[in-house]
Amino acid sequence: MTDILPASRADLPGDTTALARFLIGMTLVRDLPEGRVSGRIVETEAYGVSDPAGHAFRGMTPRTRALFLEPGHAYVYLAYGVSWMLNVSSEAAGVGAGVLIRALEPLEGVAIMRANRGVERLTDLARGPGRLAQALRIDRGLDGIDLCRDGLLWLAKSAGDPSEIGQSVRIGITKAAERPLRFYERGSRFVSGPRALNT
DNA sequence: AGTGCGATTGACT
DNA sequence: GTCAATCGCACTA
């Protein structure tokens with residue numbers, strides 16, 4: 001039973017940076033046995049072609065296979081042995097690139113998110129890539145799935161008017177750290193990172 | 001087969 | 001503000 005529909009792949013920009021910007025304001029939906037969890041995407045980072053910070057920079061490996069799928073597939077990996085990260089594949093099939101989803105504004109299923117996270121504060125549920133994955137119970141099992149189909153995890157069209165989008169350097173990387181490839185909903189309380197990067 | 005290192009988070013001074 | 005946890009992976013040999 002859905003009152004919202006999956007995004008169509010044809011609508012997704014193929015260009016990684018354009019996709020990172022495009023995803024701001026879209027809805028990410030996770031259907032769990034207990035019910036639906038969803039959130040508005042408020043922060044992304046682009047990891048495009050020829051980007052030394054990108055996991056596909058040195059070619060395809062077993063882990064990064066999903067980055068080479070056509071746009072709109074999930075690339076999920078474990079960071080620091082602790083936190084799961086969700087990316088949306090970008091660029092044409094065979095080209096390795098993607099967009100990291102860094103933060104959500106909770107919409108549906110807040111009680112489920114609280115249970116998954118073990119915290120109460122609304123702004124702590126999905127602010128940060130590892131936290132949002134925990135809130136939505138995202139792990140390796142979702143690696144490679146098509147986010148443009150109504151399934152376990154999928155993308156839906158914009159959840160509200162596009163607001164002003166800010167741009168900054170990416171968070172937590174050392175390679176190519178100067179590139180301004182992070183996008184966020186300006187002023188949102190649900191965006192991660194230092195205050196200086198949310199202006 | 002061994003090793004160094006993160007696209008982070010939460011606890012702590 | 002600082003810092004350790006934790007482990008899969010990519011790289012070297």
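From a predicted model like this one, the values you see are computed outputs, not experimental measurements.
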Toward the 5' end of DNA chain B, by each residue's nearest nucleotide, A/Arg131 or A/Ile173: A/Ile173
Given DNA chain B, 5'-ward residue of the pair A/Arg117 and A/Ala56, judged by closest heavy atom: A/Ala56
Has [X] got a side-chain N or O lying under 4.0 Å from the OP1 or OP2 atom of [N]?
X: A/Arg63; N: C/dA10; value: yes
X: A/Arg140; N: C/dG8; value: no
X: A/Arg58; N: C/dA10; value: no
X: A/Ser83; N: B/dT9; value: no
X: A/Arg102; N: B/dT8; value: yes

Rounded to the nearest angstrom, tell me the gap between atom [atom1] in [X] and atom [atom2] in [N].
X: A/Lys175; N: C/dC11; atom1: NZ; atom2: P; result: 9 Å
X: A/Asp124; N: B/dA11; atom1: CG; atom2: P; result: 11 Å
X: A/Tyr75; N: C/dG8; atom1: OH; atom2: C1'; result: 11 Å
X: A/Phe57; N: B/dG6; atom1: CZ; atom2: P; result: 14 Å
X: A/Arg195; N: C/dG1; atom1: CZ; atom2: P; result: 12 Å
X: A/Gln134; N: B/dG10; atom1: CD; atom2: C1'; result: 11 Å
X: A/Arg127; N: B/dT9; atom1: CZ; atom2: C1'; result: 11 Å
X: A/Met85; N: C/dC7; atom1: CE; atom2: P; result: 15 Å

Using only heavy-atom distances, determine whether the side chains of [X] and [Y] contain a donor-acceptor pair under 3.5 Å.
X: A/Asp31; Y: A/Trp154; value: yes
X: A/Thr27; Y: A/Arg40; value: no
X: A/Arg121; Y: A/Thr123; value: yes
X: A/Glu43; Y: A/Ser192; value: yes

Residues A/Arg21, A/Asp15: salt bridge by 4.0 Å N-O rule: no
Range-with-range stems of DNA chain C (Watson-Crick or G-U pairs under 3.5 Å, three or more in a row): B:1-6 with C:7-12, B:8-12 with C:1-5
Given [options], the nucleotide with the shortest approach to the side chain of [X]:
X: A/Leu78; options: B/dG6, C/dC7, B/dA7; value: C/dC7
X: A/Val82; options: C/dT6, C/dA10, B/dA7; value: C/dT6
X: A/Tyr80; options: B/dG10, B/dT8, C/dA10; value: B/dT8

Ring center gap for A/Tyr47 and A/His55 short of 6.0 angstrom: no
Between CG on residue A/Leu23 and CD1 on residue A/Ile101, distance to nearest 0.5 Å: 5.0 Å
Under 3.5 Å donor-acceptor, A/Asn87 side chain and A/Gly98 backbone: no
